[in-house]
Amino acid sequence: MTEAPNESSTERSDAGGHLNFIEQLVEEDIAAGKNGGQVFTRFPPEPNGYLHIGHAKSICLNFGLADKYGGQTNLRFDDTNPVTEDTEYVDSIKNDVRWLGFEWENEFYASDYFEQIYGFAEKLIQKGLAYVDDSTSEEIAAQKGTPTEPGQPSPYRNRSVDENLDLFRRMRAGEYADGAKVLRAKVDMASPNMQLRDPIIYRIKHAHHHRTGDTWCIYPMYDFAHGQSDAIEHITHSLCTLEFEVHRPLYEWFIERLGIFPSRQIEFARLNLTYTVMSKRKLKQLVEEGHVNGWDDPRMPTIAGIRRRGYTPASLREFADRIGIARRENLIDLGLMEFCIREELNKTTHSVMAVLDEQPIKLVITNYEEGREELLNIENNPEEETITYRRVPFSREVYIERDDFMENPPKKFFRLFPGGMVRLKGAYIIKCDDLVRNDAGEITELHCSYIPESRSGSDTSGINVKGTIHWVSVPHAVEAEVRLYDRLFSVENPAADDPDGQLRSFKDLLNPNSLEIVRAFVEPALVEAARSGEQTNFQFMRKGYFVLDPDSTTNRPVFNRTVTLKDGWAKEQNRKS
RNA sequence: AGCCCGAUAGUAUAAGGGUAGUACGACAGAUUUUGGUUCUGUUUGUGGAGGUUCGAAUCCUUCUCGGGCUACCA
């Protein structure tokens, strides 16, 4: 240990070294010598659905924490409810965790511990701390009382140890029907904490389990499986979301009575994101009512959806890092997630040209010889340390977007207008001479002239233009389908519109324009790159970041818009209107 | 209603008795062959009231507001 590092290094370590409250607790534990200074965590999903961005926060937290302190993280499936769980979900969860960039130390299942957990239950019975209750679920609910009134003891609360043991074994043996009996922990029916009013710890379910098959007909409840699994795995820090806070006294009660490894449960606030919903029930509703096209719809906050939207694992890890960890409820601005993916893609993708328009304008360069073609060198990404170039064909006719031309432009419109000049990106400066209209009076073509000495890279024209627009050569253009995704909901916090947790119609909350499908013309190099699998993420110059979608066919590529570019012009226009 | 948890710029997140900082956003300017990027600058905050203290975002009291708990789900 060297003393007194110089000031600058102290500052540096402080600057990046803010600890969140969990890291502080962990460091206190390490300093106190708990668990031999080790840090073991686990990510414990129930395999009953798809992972979403909130799970990503938890994954990054658990794996990140163990990694930071030289520990390990297990992937543990919390599969104690056979009727809701399925192997299909196990596979998708593993896939998502790996895709995020994490590798677990062990793959475990709560169902691996059923025999041990059963043993814990018998131990509790033998200590007189658990009893078999024949009451119906309604009766048990009535016994619980309310938060303001204490509960009443069950008539079966004082059964003898022997009777309880016998009954519990017969429960296991399958002698009773579902719901006929439960095993309850004998804690405190008058506790102000409802979780402690003799919670049910085992129930009878004659159901097929995705892993244990028909071996069991009794299954432990969450409260008698999660902490026990943590203990078995010697998880030092068991991180979960705030709603489990009231379970912690029970978690610790079991540790004490059972004398098992004392994992420490720490709760943090779950992630909420603007313009989306996070609850499994609501996500399911979106899928089932057909508001989206499945769990991996690019508008969904599922990891599968976000992946298909074109987000990268690194951008999600960065996002998880930036949102922080705390105990207060939060609603994170979707814009932060967008910032994270732009930040990465800006550095890594090639900027290519795509004309996104159902009805692009054809631009005819009247003084460019018919049949002439040039291959222009255009830089792939101005951010590259050493710039690379690709060849882009140019010809007498090019497509441009309708938005890049205005017949009567407002002030500070830098794009094309009658008599105006712009640069075609990577090519020439052109001047708009004439408009061509169809019978309906719509503009179909622009006749322009180009300045031959203004060619990019060897411009001797001395002309400066304000605007540069993108284009695609008509004879070389490849047609593509482009899916323009936007926020799923039009209100910031759709969950707030659902105060009672009632299932209600999403109709007035959904963004009607969350998906717009347009035809596009893209430069040929892009299709080659995508087909070869070299790159799937691109910047469509001036438009946004796009990713090749699995729906693509060899003849017709499909691109999803991941996120738009920031658009100062559009922002200013919106402000005016 | 009882118990528990929480409250720091618009949104998040630091500061654990000693100058309220950072990021995103917003605004302004510079650069720019992407109205992008980059750079520079500006802006905005400790929920209220008391108390302890030389000194309080931090400790205490109280109020207010927000969240959680009354599943044989997790």
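So that the names make sense, note that chain A is the first sequence line, chain B the second, and so on, each numbered from 1. What you see is a predicted model; the values in this text were computed from it and never measured.
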So, is [X] near the phosphate of [N], with a side-chain N or O under 4.0 Å from OP1 or OP2?
X: A:R203; N: B:C73; answer: yes
X: A:Q195; N: B:C73; answer: no
X: A:K144; N: B:A71; answer: no
X: A:S137; N: B:A71; answer: no
X: A:K571; N: B:G36; answer: no
X: A:K280; N: B:C73; answer: no

Looking only at N and O atoms, is any donor in the side chain of [X] or the base of [N] less than 3.5 Å from an acceptor on the other one?
X: A:E383; N: B:G36; value: yes
X: A:H18; N: B:A23; value: no
X: A:Q539; N: B:U34; value: yes
X: A:R415; N: B:G35; value: yes
X: A:R542; N: B:U34; value: no
X: A:S351; N: B:U34; value: yes

### Query
How close or far is atom C1' of B:U70 from atom CD of A:E139, stated in whole angstroms?
17 Å
### Query
For the pair made of CG in A:L376 and P in B:U34, what is the distance, rounded to whole Å?
16 Å
### Task
Could you tell me whether the side chain of A:E344 and the main chain of A:S315 form a donor-acceptor pair under 3.5 Å?
yes
### Query
Ring of A:Y222 versus six-membered ring of B:A74: centres under 5.5 Å and planes under 30°?
no
### Query
If a stem is a run of at least 3 consecutive Watson-Crick or G-U pairs, both distances under 3.5 Å, which stems include RNA chain B?
B:2-7 with B:64-69, B:10-13 with B:21-24, B:26-30 with B:38-42, B:47-51 with B:59-63
### Task
Identify the residue among A:F77, A:Y109, A:F114 that makes a ring-ring contact (aromatic ring centres under 6.0 Å, His included) with A:H209.
A:F114
### Query
Touch check for A:L331, heavy atoms < 4.0 angstrom, all strands: base, sugar-phosphate only, or nothing?
sugar-phosphate
### Query
Contact class for A:K566 (heavy atom, under 4.0 Å): base, sugar-phosphate, or nothing?
sugar-phosphate
### Query
Which word best sums up how the rings of A:F168 and A:Y118 line up, parallel for under 30°, tilted for 30 to 60°, or perpendicular for over 60°?
parallel
Output one line per pair: protein atom, nucleotide atom from nucleotides 64-68 of chain B, and distance, for all N/O pairs under 3.5 Å.
| residue | atom | partner | partner atom | Å |
| --- | --- | --- | --- | --- |
| B:G67 | O2' | A:E329 | OE2 | 2.9 |

